[in-house]
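Numbering of ligands and ligand atoms starts at 1, following listing order. Quick caveat, the model's predicted, so the values are computed rather than measured.
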Amino acid sequence: MAIERTFSILKPDATARNLTGAINAVIEKSGLRIVAQKRIHMSRREAETFYAVHKERPFFGELVDFMISGPVVVQVLEGEGAVLRYREIMGATNPESAADGTIRKLYAKSIGENSVHGSDSQDNAKIEIAQFFSGNEIVG
Ligand SMILES: Nc1ncnc2c1ncn2[C@@H]1O[C@H](COP(=O)(O)OP(=O)(O)OP(=O)(O)O)[C@@H](O)[C@H]1O
């Protein structure tokens, strides 16, 4: 499988509970490399742009409010099949359905406050990475 990059967010519920190191340990143990990382507080406009695909969904307002409720850590992860690999170790959106050992099973509080985001395709990974990082911030 090819070396890819994916975009990750450690969400406000994770930063609030001081879990960024614990989650990074799961990421690194999986073989993925954190090739860029920064802690930011998203603006409402950034969160609305990021989740624009969900703007007609009933939870959109709640999702945006949550994403700007505290700091997040945005990351670029690199490795073989990184998009799919990260989705596997994140686990299902709803932690109650997530497989044992996944980040969401271990740490997520609910379907909304579910600790992590990961891109769902290589095309979206490129778009999402470009929203938060310039090329010289990514060091492979
Ligand atoms: N029913 C819901 N109630 C509240 N928030 C929800 C609900 N469904 C999804 N969300 C939030 O919206 C995000 C995006 O939903 P999506 O269905 O794309 O899940 P995902 O692909 O697993 O998550 P992500 O896009 O964050 O990686 C979820 O991660 C979650 O934070």
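The same ILVMFWY cluster, assembled from side-chain heavy atoms under 4.5 Å apart, contains both Ile9 and Ile68. Linking ILVMFWY side-chain heavy atoms closer than 4.5 Å, directly or via other members, places Val72 and Ile34 in two distinct hydrophobic clusters. Ile111 and Leu106 end up in different hydrophobic clusters when Ile, Leu, Val, Met, Phe, Trp and Tyr side chains are linked at under 4.5 Å.
Neither the backbone nor the side chain of Phe66 comes within contact range of ligand 1; no heavy atom lies under 4.0 Å. Within the 4.0 Å heavy-atom criterion, neither part of Glu128 lies near ligand 1.
Closest to atom 7 (C) of ligand 1, if we only count protein heavy atoms, is Phe59 CD2, 3.6 Å. Closest to atom 30 (C) of ligand 1, if we only count protein heavy atoms, is Ile111 O, 3.3 Å. Looking only at heavy atoms of the protein, atom 25 (O) of ligand 1 is closest to His117 ND1, 3.1 Å. Closest protein heavy atom to atom 20 (P) of ligand 1: Thr93 OG1, 3.5 Å. His54 NE2, 3.1 Å is the protein heavy atom nearest to atom 18 (O) of ligand 1. Protein heavy atom at the shortest distance from atom 5 (N) of ligand 1 is Gly112 CA, 3.5 Å.
No hydrogens or angles considered: a donor-acceptor pair under 3.5 Å links the side chains of Glu4 and Gln122. No side-chain donor-acceptor contact under 3.5 Å links Lys109 and Asn114. A donor and an acceptor atom, one from each side chain of Ser119 and Asn124, are nowhere located under 3.5 Å apart.
Within the structure, salt bridge (Lys or Arg N to Asp or Glu O under 4.0 Å) pairs that include any residue of residues 122-140 comprise Lys38-Glu137 (at least two apart or interchain).
A ring-centre distance under 6.0 Å is not found for Phe66 and Tyr51.
If you number the atoms of ligand 1 from 1 as listed, the ones under 4.0 Å from a heavy atom of Tyr51 come out as 26 (O). Within ligand 1, counting atoms from 1 as listed, the ones closer than 4.0 Å to a heavy atom of Asn114 are 28 (C), 29 (O), 30 (C), 31 (O). Close contacts of ligand 1 with Gly118, meaning ligand atoms under 4.0 Å from a residue heavy atom, involve 27 (O). Proximity to Arg104 (heavy-atom distance under 4.0 Å) selects the following atoms of ligand 1: 22 (O), 23 (O), 24 (P), 26 (O), 27 (O), 29 (O).
Selection from Lys11, Arg57, Arg87 by nearest heavy atom to atom 21 (O) of ligand 1 gives Arg87.
Ring pair His54/Phe59 is tilted by interplanar angle, where 30° to 60° counts as tilted.
The salt bridge (charged side-chain N to carboxylate O under 4.0 Å, His left out) search around Glu88 returns Arg85, not counting sequence neighbours.
The N/O atoms of Leu63, backbone and side chain alike, include none that comes under 3.5 Å of an N/O atom in ligand 1. Below 3.5 Å of separation, one finds no N or O of Met90 facing any N or O of ligand 1. Ligand 1 has no N or O atom lying under 3.5 Å from any N or O atom of Glu62, backbone or side chain.
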